[in-house]
Structures are given as structure tokens and as C-alpha cells.
Amino acid sequence: MKAFRFEDRIALENLRLVELDVPRPGPREILVRMRAAAMNQRDVLIAQGRYGNFAAPLVPLSDGAGEVVEVGPAVTRFGKGDRVIPTYVPDWIAGPVREGVGARRLGGPNPGTLRELMAVHEEAAVRAPSNLGWLEAATLPIAAVTAWQVLFTDVGIGPGDVIAVQGTGGVALFVVQLARAAGAKAVVLLRSGARAARVEEAGAAVVDTSREPAWESRLLALTNGRGVDLFVDVVGGNGVNRAVAATRVGGTVALVGFVGDTTASIDLPAAIRRVVSFRTVSGGSRATFEALVRGIEANDVHPIIDTVVPFTKAPEAFVKLASGSPFGKVVIDFDG
Ligand SMILES: NC(=O)c1ccc[n+]([C@@H]2O[C@H](COP(=O)([O-])OP(=O)(O)OC[C@H]3O[C@@H](n4cnc5c(N)ncnc54)[C@H](OP(=O)(O)O)[C@@H]3O)[C@@H](O)[C@H]2O)c1
């Protein structure tokens with residue numbers, strides 16, 4: 001079977017198409033023929049040597065979806081022909097995160113999804129949403145699970161709540177779509193007006209920060225001076241202080257990403273005055289993923305895909321995400 005693998009050392013120029021042995025499923029494993037995989041910032045950072053310190057050879061990517069083609073003799077959760085998605089954090093089944101539960105992750109240090117066949121423990125997969133095709137289903141494990149974890153598992157947003165997020169990447173657009181499905185209102189901070197119409201079409205209000213640089217004042221104005229209930233910060237850096245200023249007293253700032261800056265200097269008196277809670281997040285459990293699947297089906301949510309790259313050209317997907325600022329997800333089609 002074919003796979004892409006970082007050979008010798010982890011670097012994009014060492015990502016090679018290789019022929020590997022067909023895996024045999026163990027007693028409680030399912031053999032999954034992958035139909036699509038999807039990119040996240042994490043994959044780009046790993047390929048650039050800026051995330052983790054993983055050993056080569058390594059099959060990259062954490063996200064993907066496929067069909068069960070064989071089951072081990074003790075498997076009870078799935079059968080042949082089922083459409084499944086391997087979980088990004090295979091040992092986190094349910095409940096709050098615990099010490100050690102996140103040590104094994106797909107795409108580093110564990111082998112990832114960029115291979116034609118994967119043997120997956122039956123506890124480390126969920127059924128794919130019935131309303132999604134392969135390309136859409138492949139986008140869920142990191143970005144959508146993280147969005148659901150923040151919105152519903154950690155914070156518990158509800159109808160009428162206002163949620164702010166920046167940009168048009170994978171996490172941000174899932175925040176928009178899932179918040180809307182819950183009857184909440186998303187406001188997206190954009191770096192320019194170019195994508196405003198598409199974001200509005202996805203169901204969010206827009207603040208164009210190139211025209212309204214004092215965006216925290218704009219968020220306060222949009223909420224009658226109260227502030228947003230939840231600010232999902234995917235950019236990082238000292239902008240977190242402006243997020244605090246735009247969040248209501250007793251609200252939450254979720255520290256999710258760092259596409260802008262990996263460190264922040266927090267104005268503690270300002271944060272304490274507003275009694276703002278800070279949450280960090282690192283993916284989600286299988287139970288969170290299963291709740292997401294039900295939510296996607298019930299509300300017929302369809303992930304937003306920017307680019308589809310055929311399997312044999314998978315390295316182009318890394319380049320696209322690293323340099324292209326896509327609107328939504330970059331997906332790899334194993335049938336393309
Ligand atoms: N903690 C977790 O569990 C978790 C899970 C998933 C992702 N993350 C992190 O969350 C962040 C977003 O992930 P993603 O998968 O959504 O990435 P993505 O799909 O690449 O989207 C990132 C978006 O951020 C915007 N952006 C990029 N650089 C920016 C800058 N300097 N200032 C402001 N906006 C900028 C761009 O949108 P525009 O072009 O529209 O501005 C870009 O599309 C990353 O740092 C990722 O590592 C964390």
C-alpha cells in the first residue's frame with residue numbers, strides 16, 4: 001500500500017511516496033481504507049520542525065476518513081463497510097483531559113492518516129456523519145472537534161450568546177458554523193474586507209479590522225457595551241489583552257492558537273477587573289467528537305473546503321496551507 005512518509009528526518013523535502021506492507025488488524029482493530037485526509041496548521045509546523053520533536057520515519061497528518069474493509073475477531077463497535085474517522089487523540093475517550101491521555105497523537109508521534117490503509121483500535125474511531133461526503137468528513141478531527149470542545153464541552157454556549165473569533169481558517173469557520181447551529185451569534189474579525197461576504201454567507205457578522213482598527217470597541221458596541229460571551233483566540237500574542245477588553249465581565253477567552261505570535265504578555269489587573277476566565281484547549285475526547293457528529297447531522301452542517309489536492313500530490317497541500325491563507329480546509333483526495 002502507498003503512503004507518504006517523512007524519511008530520515010522530518011522536513012517537507014523529505015516527504016516521500018513510499019510502498020509499505022499492508023497492515024493486519026489486531027483482535028480489536030479495524031482496517032480502514034482511507035478515502036480522504038485533511039491538513040491542519042499543526043502538520044505544517046511539524047514539517048517545518050517548529051512543533052514537537054518527533055522521530056522519522058513518520059506518516060504525517062491527523063485528519064482523515066475512510067471505510068472499514070476488515071475487522072479483527074474481537075471487534076464489536078464497527079463492521080465491514082462502516083464509514084469511520086480515526087480520532088486524533090486515540091487514548092482520550094471521555095471526560096476531562098488527564099495526565100498522559102494526550103501523549104499519543106496521529107501524525108506525530110503516532111503514524112498519521114496519509115496512507116491508503118490504517119489499522120485502528122476500535123475505541124479510537126467514530127462513525128462519520130451520514131450527511132457528509134468523504135472530503136467533508138476528513139476535515140473534522142482537529143479543527144471541528146476543538147471548536148466543539150471550546151463552544152460546548154468547556155464553555156457551554158447557548159442561544160443568544162455572542163462569540164468572537166479571528167480570520168477564515170479551519171477552526172474559525174467551524175466556530176462560526178457550530179455557534180450558528182446552536183442559535184448563538186458569531187462575529188469574525190477579518191484582516192481585510194475581501195472575504196466579508198463569504199463569512200456573512202457562512203452565518204457570522206464581520207468586523208473589518210483594516211477599517212476598524214479599534215476592533216475591541218466595535219465588539220463592545222455590537223453587544224451594547226457588554227462584551228462578547230466568548231472570545232476564541234486563534235491568533236495569540238498580546239492581542240489577548242484586546243480580547244479581554246472585548247469580553248463581558250465573567251466571560252471567557254479561549255486560548256486556542258498562535259498563528260500570529262506564540263507568546264503573550266497579559267495585563268493581569270485588566271483581566272482580573274473583568275473576571276475573565278482563560279481556557280486553553282488541546283483537541284477533544286472521543287465523546288466530544290461523537291457529540292460533534294450528532295450536531296453536524298442534526299443541523300446538516302457542511303464543512304467549508306478551500307482546496308482539494310489528489311493523494312499523489314499531497315506535498316502541495318502542505319505548501320497551500322503554509323502560504324495560501326485558505327478559506328476553510330485543505331483536503332487530500334485518495335480517489336482523486
Ligand atoms: N489548541 C488546539 O487544540 C488547536 C486545534 C486546532 C488549531 N489550533 C491552532 O489554532 C490556530 C488556527 O488553526 P487553523 O487550523 O484554523 O489554521 P488555518 O486553517 O491555517 O487558519 C488560520 C487563519 O488565521 C488567519 N491568520 C493567519 N495569520 C494571521 C495573523 N498573523 N494575524 C491574524 N490572523 C492570521 C488566516 O485567516 P485570514 O487570511 O482570513 O486572516 C488563516 O486562514 C493555529 O495556531 C493552530 O495551531 C489549536
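Every number for a ligand or one of its atoms is a count from 1 in the order of the listing. Keep in mind that this is a model prediction, so the values were computed, not measured.
With respect to the salt-bridge test (charged N to carboxylate O, under 4.0 angstrom), the residues K2 and E19 qualify.
No side-chain heavy atom of V331 sits less than 4.5 Å from a side-chain heavy atom of W134.
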Checklist entry - After noting the C-alpha distance and the side-chain angles of R77 and E290, does the key distance pass the salt bridge (charged side-chain N to carboxylate O under 4.0 Å, His left out) rule? => result CA-CA 13 Å; R77 276 172 52 82; E290 288 164 338; 3.7 Å; yes
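Partners of K320 according to the salt bridge (Lys or Arg N to Asp or Glu O under 4.0 Å) rule, which considers only residues two or more places apart in sequence or in another chain, are D306. Scanning for side-chain hydrogen bond (donor to acceptor under 3.5 Å, both in side chains) contacts around D335 gives R35, with sequence neighbours left out.
Protein residues lining ligand 1, listed by chain and number: Q41, I142, T146, G167, T168, G169, G170, V171, R191, R195, V234, V235, V256, G257, F258, V259, G260, V281, S282, G283, L321, S325, P326 [non-hydrogen atoms, distance under 4.0 Å].
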Output a table of donor-acceptor pairs, distance under 3.5 Å, between side-chain atoms of residues 4-13 and any protein atom two or more places apart or on a different chain; print 'none' if there are none.
| residue | atom | partner | partner atom | Å |
| --- | --- | --- | --- | --- |
| R5 | NE | E7 | OE2 | 2.5 |
| R5 | NH2 | E7 | OE1 | 3.4 |
| R5 | NH2 | E7 | OE2 | 3.2 |
| R9 | NH2 | E13 | OE2 | 3.3 |

